[in-house]
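As structure tokens, the structure follows; a few thoughts come after it.
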Amino acid sequence: MMKKSKIHLFYLIFVFTGYNQICLSQIKQQAETTSDSLTVTRPTDNQIIDYNNYFEQNYERHIDELIDLISYPSLSMQADHQNDLIEAAEFLKNKLINIGLEKSQINFSNGLPVVTSEYNQHIDQPTVLFYGHFDVQPVNREQWKNDPFKAEIRDGQLYGRGATDDKGPIIALISTLEALMAIDGKLPVNIKILLDGGEEIGSPHLPGWLADHKDWLKDIDFGINVDAAMYSDEQGLIWKGLRGASDIEVTLTSANTDLHSGIYGGVAPNAAVAASKVIASMYNDDGSVAIEGFYDNLKIFSESEKIEIASSVDKNQEADELKKFEIDQWIGEADYTYTERTWIRGSMDVTGFQSGYTDGKASIIPHTAWFRIMTRLGPGQNPEKINSLIKSHIERNIPWGIQAEFKASGMAAATVLNEDDLGYKIGKIVLTDFFGIAPKILYIGGTVPALSFIPDAGGPDLVSIGFQRSDENFHADNEFMRIDSFKKGQRIYAQLLHAFVNQNRNYPR
């Protein structure tokens with residue numbers, strides 16, 4: 001381990017003199033960093049200098065490539081954007097070919113694209129998988145200050161849909177691979193790339209593709225998820241756990257057509273009212289889930305684990321966010337803290353509701369109602385079982401003989417990273433070296449389905465190392481990426497690639 005005084009020196013140099021100087025200071029200590037008997041290889045002085053020069057000389061081109069990728073409205077959830085999704089995949093495939101990677105291709109599974117590529121030139125080095133996604137969330141153009149698919153840079157921030165989630169991190173990774181290939185003529189380890197065209201809808205295609213490509217997975221030793229975050233400008237972050245997710249659409253039908261509310265009002269069942277009654281039955285008065293069995297099988301965290309969770313968050317966050325979002329009170333299980341409810345417990349939300357005539361006034365009794373339920377699942381909850389419980393509850397509580405149809409999708413289990421995992425330890429050392437301070441290790445309430453799908457299919461656990469920030473409006477209007485974070489990401493990925501050199505290929509999965 002580096003001595004504390006040297007770490008502090010690195011941090012001060014980083015703050016005041018920038019990337020070239022910090023990297024020089026780091027490599028002047030030694031070519032390797034050792035932590036808890038783990039030795040991690042680092043780039044040489046000349047490599048660090050050359051990488052930084054390459055990044056600076058090619059900065060505008062790399063940002064232009066990100067702007068080009070953002071220009072594709074790659075919305076996986078909207079069928080009319082299928083061609084845009086495929087064109088974005090083609091852009092990435094061609095970029096990977098151009099930087100010298102092998103077997104770069106687009107694969108299709110259930111109509112959704114998966115871009116894969118690899119570099120396999122080392123007999124004696126491990127193979128590292130990098131995962132990211134290039135599909136994006138929908139937009140409300142009227143709420144954006146610029147066209148969301150024509151990115152703009154304002155005050156050191158690049159605004160555009162997908163800028164930080166997850167096109168920026170993908171381009172940062174690819175440009176890093178390009179730099180190492182250009183400077184060194186090779187990569188330090190073998191790699192495989194998997195870029196997902198359906199993450200924003202739960203990657204429903206990915207389990208099938210992975211099941212059909214077990215040979216592609218079997219020689220991968222380590223995994224990195226670039227759809228990930230930094231804690232701050234001065235500190236890295238690794239997610240210890242993420243919640244799982246499931247999604248189920250419900251359509252209720254009470255008649256074969258809408259009915260006249262004057263002629264049939266008072267006798268005809270109203271699908272919108274029925275849906276409201278069903279939804280209300282699924283919740284307790286405190287907002288927790290009333291479905292029988294929903295909280296069964298959740299992992300019971302120890303008191304020490306709960307203390308660890310409580311100590312890792314800002315004590316003012318709960319009150320600050322009530323004020324920020326103008327919410328009167330939080331809801332949910334009274335026996336669990338605000339943070340525990342969002343990190344390690346299950347939740348269920350109605351994320352969409354449609355019924356009746358909404359464009360103006362119409363005197364009708366709606367004959368159909370549709371709503372979508374999304375759950376976020378804590379460790380131990382099975383997404384298929386949860387959807388089954390929801391379906392059974394709805395069927396028991398539908399009034400008036402109304403018929404129900406169900407469509408389930410986007411199911412993924414929660415993931416909890418093993419801190420004895422070698423990839424986790426390597427990632428932690430790299431982030432500690434770069435920032436001069438150990439990364440935050442946090443749970444998160446969100447979901448990246450691939451983090452459970454890939455290990456379940458026989459691949460490695462994935463360590464989440466990226467540079468998104470929680471305030472960058474991903475999934476919201478005016479999404480942006482900090483240019484400074486993009487630059488950090490390039491340099492972190494360069495160090496990370498070297499850190500896997502000579503690591504044991506046969507570590508326990």
Any chance you could lay out the side chain to side chain donor-acceptor pair (under 3.5 Å) test for Thr337 and Thr339, step after step, and finish with the verdict?
CA-CA 5 Å; Thr337 67; Thr339 304; 4.8 Å; no
Partners passing side chain to side chain contact (heavy atoms under 4.5 Å, CB included) against Lys103 (at least two apart in sequence or in another chain)
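Checked Lys103 against side chain to side chain contact (heavy atoms under 4.5 Å, CB included); matches are Glu118.
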Output all residues satisfying side chain to side chain contact (heavy atoms under 4.5 Å, CB included) with Ala275, sequence neighbours left out; order by chain, then residue number.
Leu252, Phe353, Ala369, Phe371
Under 4.0 Å between a Lys/Arg side-chain N and an Asp/Glu carboxylate O for [X] and [Y]?
X: Lys167; Y: Glu479; value: no
X: Arg469; Y: Asp233; value: yes
X: Lys240; Y: Glu305; value: no
X: Arg345; Y: Asp335; value: no
X: Arg341; Y: Glu333; value: no

Do [X] side-chain atoms and [Y] backbone N/O form a donor-acceptor pair below 3.5 Å?
X: Gln381; Y: Ile386; value: no
X: Glu199; Y: Gly197; value: no
X: Asp421; Y: Gly423; value: yes
X: Asn382; Y: Glu384; value: yes
X: Ser355; Y: Thr368; value: yes
X: Arg243; Y: Thr342; value: yes
X: Ser117; Y: Ile193; value: no
X: Lys214; Y: Ala457; value: yes
X: Ser276; Y: Ala272; value: yes
X: Ser74; Y: Phe134; value: yes

Do Ser452 and Thr415 have a side chain donor and acceptor closer than 3.5 Å?
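No, no side-chain donor-acceptor contact under 3.5 Å.
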Quiz question: by atom type and distance under 3.5 Å, do the side chains of Asp196 and Tyr131 form a donor-acceptor pair?
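Yes, a side-chain donor-acceptor pair sits under 3.5 Å.
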Answer yes or no: are there more than 12 heavy-atom neighbours, outside [X] itself, under 6.0 Å from its atom [atom1]?
X: Phe91; atom1: CZ; value: yes
X: Asp314; atom1: CG; value: yes
X: Lys95; atom1: NZ; value: yes
X: Glu90; atom1: CD; value: yes
X: Lys306; atom1: NZ; value: yes
X: Gln105; atom1: CD; value: yes
X: Lys391; atom1: NZ; value: no
X: Asp471; atom1: CG; value: yes

If you look at every heavy atom in [X] and [Y], which pair is closest and at what distance?
X: Gly427; Y: Leu496; result: CA-CD1, 4.2 Å
X: Ile465; Y: Ala228; result: N-CB, 3.6 Å
X: Glu292; Y: Leu389; result: O-CD2, 3.7 Å
X: Met230; Y: Gly466; result: CG-O, 3.3 Å
X: Leu377; Y: Ala412; result: CD1-O, 4.1 Å
X: Leu462; Y: Leu417; result: O-CD1, 4.1 Å

Would Arg154 and Tyr159 count as a cation-pi pair here, with the cationic atom under 6.0 angstrom from the ring centre and within 45° of the axis?
yes
Can you confirm whether [X] sits close enough to [Y] that some side-chain heavy atom of one is under 4.5 Å from a side-chain heavy atom of the other?
X: Asp247; Y: Glu249; answer: yes
X: Val136; Y: Ile70; answer: no
X: Gln468; Y: Asp166; answer: yes
X: Ile390; Y: Phe406; answer: no
X: Asn270; Y: Pro366; answer: yes
X: Gln137; Y: Phe474; answer: no
X: Arg161; Y: Pro73; answer: no
X: Val114; Y: His205; answer: yes

Would you call the rings of Tyr443 and Phe301 parallel, tilted or perpendicular if under 30° counts as parallel and over 60° as perpendicular?
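Correct class here is perpendicular.
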Parallel, tilted or perpendicular: which describes the rings of Tyr493 and Phe467, with under 30° parallel and over 60° perpendicular?
tilted
Checking side chain to side chain contact (heavy atoms under 4.5 Å, CB included) between Ile191 and each of Leu101, Ile224, Leu129, which is the one that passes?
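Among Leu101, Ile224, Leu129, the one meeting side chain to side chain contact (heavy atoms under 4.5 Å, CB included) with Ile191 is Leu101.
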Determine, stepwise, if the pair Asp286 / Ser288 fulfils side chain to side chain donor-acceptor pair (under 3.5 Å).
CA-CA 6 Å; Asp286 63 1; Ser288 61; 2.5 Å; yes
Would you check, one step at a time, whether the test side chain to side chain donor-acceptor pair (under 3.5 Å) holds for Glu405 with Thr253?
CA-CA 8 Å; Glu405 294 181 3; Thr253 304; 5.6 Å; no
Separation between CG (Asp349) and CZ (Arg372), nearest 0.5 Å, reads 13.0 Å
Interatomic spacing from CD1 in Ile394 to CD1 in Ile279 - rounded to 0.5 Å:
8.0 Å
Kindly indicate, with the supporting measurements, whether the criterion side chain to side chain contact (heavy atoms under 4.5 Å, CB included) is fulfilled by Leu158 and Ile153.
CA-CA 4 Å; Leu158 188 150; Ile153 296 177; 4.0 Å; yes
Please determine whether side chain to side chain contact (heavy atoms under 4.5 Å, CB included) holds for the pair Leu194 and Leu210, giving the CA-CA distance in whole Å, both sets of side-chain angles, and the decisive distance to 0.1 Å.
CA-CA 11 Å; Leu194 195 162; Leu210 293 168; 4.2 Å; yes
When you look at Thr127 and Lys192, which way does the side chain to side chain contact (heavy atoms under 4.5 Å, CB included) test go after all the steps?
CA-CA 7 Å; Thr127 298; Lys192 290 191 176 182; 4.0 Å; yes
For Asp258, side-chain hydrogen bond (donor to acceptor under 3.5 Å, both in side chains) partners two or more places apart
His367
Going through the distances and angles, do Leu442 and Trp343 end up as a side chain to side chain contact (heavy atoms under 4.5 Å, CB included)?
CA-CA 9 Å; Leu442 301 178; Trp343 283 5; 3.9 Å; yes
